[in-house]
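Worksheet: one structure, shown below.
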Amino acid sequence: MTTFAQSLAGGNEQDNTQNLGALPALEYGLIRAHVFASFAGVVISVLFGILVATKFTFPEFLGGHAWLTWGRLRYNHTEGILFGWLGNAFLAFCYYVVPRLANRPVSSHKVGWFLFWIWNFAVVLPGWVLVLAGFGQPLEWAEFPLVVAAFVVLAFILMVFEFVLPFLRARLSDLYVSGWYIIGGIIFTMLAYPVGNLAPQFVPGARGAAFSGLWIHDVVGLFATPFALAIAYYVIPATTRRPIFSHFLSMVGFWVLFFIYPMNGTHHYVYSAIPMAAQKGAIVASAYLGVDVILVVSNLLLSLRGSSGIASKDLPLRFTWFGVISYLVVSLQGSLQSLMPINRFIHFTDWVIGHSHLAMIGFPSFMALGGIAHLWKRIPGTRYNERVMNWSFWLLAVGLTLMVADLTIAGLVEGQVWQSSAPWIDSVRAVRSYWLVRTLSGLPILAGFVLFWTSLVTGPRLSETVTSGNSREASENVGAVENVSPVSDKASWTGWLSHAHVVAFGAGVGFFALSFIVLAIIPGKELEDEIKQAAPVTMATLTASEQRGRVIYGREGCAYCHTEQVRSLAADVRRFGAPTEAWETKYDYPHLWGTRRIGPDLSREFNLHSRDWQLTHLYNPRLVVRDSMMPPYPWFFAGSANQPTQEALDLLAYLESLGRARQLSGFERQALASSVQSGTSDMAMAGEPSGRATPPTVPIAMTGGYSPSAPLLHPASDPDDLQEEVSRGGTVFVANCASCHGAAGRGDGKASASLLPKPADLTAARFSDERLSSVLWNGVAGSAMPPWRQLPTEDLRALFAYIHSLQVADAAPPAQEATSINEGKALFAANCASCHGDTGAGKGPAGGVLAPAPTNFHLKKPTEERAWDVLENGVPGTAMPPWRSQLSADQRRALVEFVRSLYDPPQENSGQ
Amino acid sequence: MINLIVIAISAIMFALLLVWWRWPAFRAWIETPKYSMLCQERRFDDQ
């Protein structure tokens, strides 16, 4: 066997070169076409990203149009980066490098152009349009609809024909590591992509999530990473004119990558219902991967030894060097993130978003830029403008660094807030400024990409026949190539060694299949058995309306802000309820677990909010939650929150189905009973959760439901302290309550127009301490009033004091005639007691099934005007009817006097 | 199963290192492509 190394060692370069035959032709037209398509792709994708980021700060921005809503733009941002930018850039580099490495042209010029058209006009462009039109699917890195996914698979088959066949026709024993990465990237992505897209459609819930998790990571590990490393391993030696430090280490890195990376995916679902063995396997694989990355990066950096001068001056090499450093940082970051003590704190936060941007821009994008710049100055007729490209580098580097640092800090802030019992919206408020910085940091990134493209089209004009500027240097430096001991043709082991790559490749495919068996199929079987045992027999499938709502939920990208999985963590359980169990996801095709929380988890949404609250919130979230950054969905309504279309009702139906099976089956009642019995106010899993669904043992903090442990609040007795409390309470009220109750507490906030029953006019009644404490702690069932028990105690006390301060001082009661009171009492017994009870305590025979519950007049004293108004008009949205047609004015006046006379709160204002 | 995978991958890595350490000819063989790549690059540049 004669190798290139032997040829070089032989010293007769001319002969050796002749032995290699004529140089293969390169497809320069396809290279240029994919380069330009890649820059169209990246500019549009980054614009999508900037629009998405802007909506974090200005949620109403372009908020009135379905095609420009946050979720759809977000889908297109990531898919555009993946297919439009990186896909085209990698293809351009493949057309440049495959003929060089295989010493053969790519398989077909015509197939190349067919692939170009498929990639851009059957995948990228229609994918974007279909997602904007509302046909996206809620699977991370697989958001383009299945019809587009079919063309992606076709494109990868064409890539095998175009790029892999030339390698197979060549001798694999001489194949350079970049060639291995290209082959591996194409084949493994071709295998993994359909699984990530299709499996969750047919395998529900937790079982499908196990497959989905694999693809989430495979897209980085088996697509972006191999092509990016292929570029790095090519650009570095081609620029420095020195061989890489060790081809052996590069091959070890290659195989460990392909063995280990597919095992990583489940680390996106640590602390989930997926079996712990699979979670731990993914964590171990993640740690292993960190070791592999250190090996690969060390090899690449050692390959640059003694070339610091070139690296600082040569722009393609500088881009590549930045990519190598980013690869090291992001990979070690990824390994750390998978570790449970860190994962429990930062998962779902912006930290992970920073990590993702470093992963996709810092690493493969910089590599792609380096690769494009490298080939651009070597193909005929093209050169780049160095000054402009230099600016591009710095804009991209500074913008990305700022973005990653900003999001990392934002993630830590979010994690800190989530660990506390502060309301969810506090975490949104806490990172608003970080989101603004993130948006601004996207601008230099966009400018960097635009300038890079500008540098390609403003370079010196050269004729097609001009050769590389480095040709002379190449000829001079090639003598510096280290000699190597020739491999003996007689060595018997070289025979099987030449096939070792084939064996190793088979092993790679085997490990890839093993990853699905170990992390998806076996856990899936275990989950299936668990579901069979645990799922209540009464668990119903979704209705047609709920099913349609689920599709809407998916296409609008709701799952990218709201998870549907409560993890087995104290902070999660305290906030959202018991951990999600696999059986709860039995009918979820595909799963909607999500990997990010901008809004709260929704898996326990059943009975949490009233229907009018939900509809108002969908119409415009800021009507009910002042500081929400959720996008509005006005196209689901015919002009107002009171006029929902069928789509809004479907989405509402789906939201109201979340957690229903669990509550109806009695799981939550068991949890509550258990916690009350044990007297615990915090969860018993504060130590280390097992990662398996843990039996719930705590009261549900955020979800609705009456908690018997409501504390009795009192305003401060000291006037100065009271003043301070009222002042603080005013701030809390404006931030959390004014959108419904109005700034002055008169029940006339922006949301009041679409809420039934209307928000309470807090100036129209006197509430006892017990009643007000209970309302703040438990909310008002049957109304839009949520429980606020997650507020810090100081805020609750302050809010309590402020609401008391709103109540109009009760004038001295006029002397009431006994006959009037007696008449009122008789009328009350005849007309009102069935609901309000004989004593007016709200405990009549019919009261138990009414929501909101009938008023307890011992604890709430309406003003005369309010009581009169209620008797005149009833309370829309409640069971209280108008009485003006049934009772005379005098009778109603007697009733008003009677119910006001009932106010008799226990221990009023004890001052403690 | 996970332990088995970790052991298998570790064993493969150590086996490769052992082969690399014990057989210089293997080293030469495995390092060959890094020179061939440069040779090919030079051919293209000389075109």
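Values in this document were obtained by computation on a predicted structure and should not be read as measured data. Proteins come first, then strands; the chains are lettered A, B, ... in the order of their sequence lines, and each starts at number 1.
- In this structure, F245(A) and K34(B) have side chains that are not in contact, with every pair of non-hydrogen atoms separated by 4.5 Å or more.
- Of the atoms belonging to S246(A), heavy atoms from both backbone and side chain fall under 4.5 Å from chain B.
- Looking at heavy atoms from C-beta onward, Y233(A) lies in side-chain contact with L300(A) at the 4.5 angstrom threshold.
- At a 4.5 Å heavy-atom cutoff, the contact between V256(A) and chain B is made by side-chain atoms alone.
- Heavy atoms of L17(B) lying under 4.5 Å from chain A belong to its backbone as well as its side chain.
- Aromatic ring centroids of Y35(B) and H247(A) lie 6.0 Å or more apart.
- Of all heavy-atom pairs between Y181(A) and A230(A), the closest is CB-CB, 3.8 Å.
- Heavy-atom distances place the side chain of Y288(A), and not its backbone, under 4.5 Å from chain B.
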